[in-house]
Amino acid sequence: YHRCLCNQGYSLSANNATCSDINECEGGSGGCSEGCINSIGSFWCFCQHNGYQLDRDNKTCIDTNECETNNGNCEHICTNTNGSYTCGCDAGYQFNGTHGCSDIDECAFANGNCSQQCVNQPGSYHCECQANFKLDTDNKTCIHCPTCSEFESVAADVANFKSKAVVIEQLINRNIRLSATVASLEDRIARIEASLNLEALPANEHP
Ligand SMILES: [Ca+2]
Ligand SMILES: [Ca+2]
């Protein structure tokens with residue numbers, strides 16, 4: 001008596017002599033979460049929907065994180081979703097409908113609410129004023145300021161004087177230390193002179 005054994009993926013036929021392929025897809029023994037393709041001696045799983053891929057077990061379909069590869073080709077922001085992904089843009093930019101982002105020209109609408117010049121720049125914009133005007137605290141409205149440029153030149157002078165005053169102060173402090181040193185030296189010289197004068201006097205003239 002002998003018994004036949006079959007390779008993996010095959011089962012012994014009723015005649016106990018030949019091996020025939022097991023259809024893993026039919027019996028569900030393949031364990032594929034979605035598609036299953038049987039082959040002679042084997043089988044494989046596949047995912048039926050775009051945006052999904054086989055997990056490491058080669059059976060379960062999981063979402064593909066498109067953002068992990070080259071930021072999903074999004075120019076700015078990539079957001080992964082279940083079965084897909086979306087692209088978005090940073091503040092100050094608008095989505096061009098595919099993957100890219102383009103600067104919003106804020107000046108094109110209502111002059112960016114600037115009362116005078118509106119200057120567009122990548123991702124933002126700012127307002128500017130003509131001579132003798134300055135921007136108000138809202139950074140949009142220009143207010144009349146005929147003394148602005150004069151004031152700025154005075155302010156620059158004041159800043160200049162302040163920095164010079166610091167230097168002068170440092171010099172004075174150095175001079176105070178110097179005159180204290182001189183005073184102490186003069187005092188020592190005076191004492192030395194006094195003692196020398198005493199020595200020089202004849203003995204009978206000592207007080
Ligand atoms: Ca996805
Ligand atoms: Ca802009």
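Just follow the structure's listing: the first ligand is 1, and inside any ligand the first atom is 1. Keep in mind that what you see is a predicted model, and the values were worked out from it rather than measured.
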*Asks:* Rounded to the nearest 10°, what angle sits at the Ca ion (ligand 2) between OD2 of Asp103 and OE1 of Glu106?
*Replies:*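 An angle of 130° at the metal.
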
*Asks:* So, taking the atom named CD in Gln94 and the one named CD1 in Ile104, what distance separates them when rounded to the nearest 0.5 Å?
*Replies:* 5.0 Å

*Asks:* What pair of heavy atoms forms the shortest contact from Cys101 to Tyr93, and how long is it?
*Replies:*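 Closest approach of Cys101 to Tyr93: CB-CB, 4.1 Å.
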
*Asks:* Please find out if the Ca ion (ligand 1) and some N, O or S atom of Asn65 are separated by less than 3.0 Å.
*Replies:*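 Within the cut-off used here (under 3.0 Å), Asn65 places no N, O or S atom near the Ca ion (ligand 1).
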
*Asks:* What does the angle at the Ca ion (ligand 1) come to, between atom OD1 of Asn80 and atom OD1 of Asp63, rounded to 10°?
*Replies:* 120°

*Asks:* Hey, is the Ca ion (ligand 2) within less than 3.0 Å of some N/O/S atom on Tyr125?
*Replies:*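 Looking at Tyr125, which is the residue asked about, there is no N, O or S atom under 3.0 Å from the Ca ion (ligand 2).
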
*Asks:* May I ask you to check whether Tyr85 brings an N, O or S atom to under 3.0 Å from the Ca ion (ligand 1)?
*Replies:* no

*Asks:* Kindly assign one of parallel, tilted or perpendicular to the pair His144 and Phe133, based on the angle between their ring planes and the thresholds 30° and 60°.
*Replies:*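 His144 and Phe133: tilted rings.
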
*Asks:* With side chain to side chain donor-acceptor pair (under 3.5 Å) as the criterion, how do Glu150 and Ser153 come out once you've worked through the C-alpha distance, each side chain's angles and the decisive distance to 0.1 Å?
*Replies:* CA-CA 5 Å; Glu150 221 172 299; Ser153 103; over 6 Å; no

*Asks:* Does any N, O or S atom of Ile104, backbone or side chain, fall under 3.0 Å from the Ca ion (ligand 2)?
*Replies:*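 Looking at Ile104, which is the residue asked about, there is an N, O or S atom under 3.0 Å from the Ca ion (ligand 2).
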
*Asks:* O (Thr81) to the Ca ion (ligand 1) to O (Ser84): angle, nearest 10 degrees?
*Replies:* 70°

*Asks:* Taking the SG atom of each, are Cys67 and Cys74 under 2.5 Å apart?
*Replies:*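 Their SG atoms do not fall under 2.5 Å; no disulfide, then.
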
*Asks:* Looking from the Ca ion (ligand 2), what is the angle between O on Gln121 and OD1 on Asn120, to the nearest 10°?
*Replies:* 90°

*Asks:* Working note: Cys87 + Cys78, criterion disulfide bond (SG atoms under 2.5 Å apart); need CA distance, chi angles, decisive distance, verdict.
*Replies:* CA-CA 5 Å; Cys87 293; Cys78 182; 5.5 Å; no

*Asks:* Glu66: which N/O/S atom is nearest the Ca ion (ligand 1)?
*Replies:*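 This residue's closest N, O or S atom turns out to be OE1.
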
*Asks:* Are any of the side-chain heavy atoms of Cys19 and Ser11 separated by less than 4.5 Å?
*Replies:* no

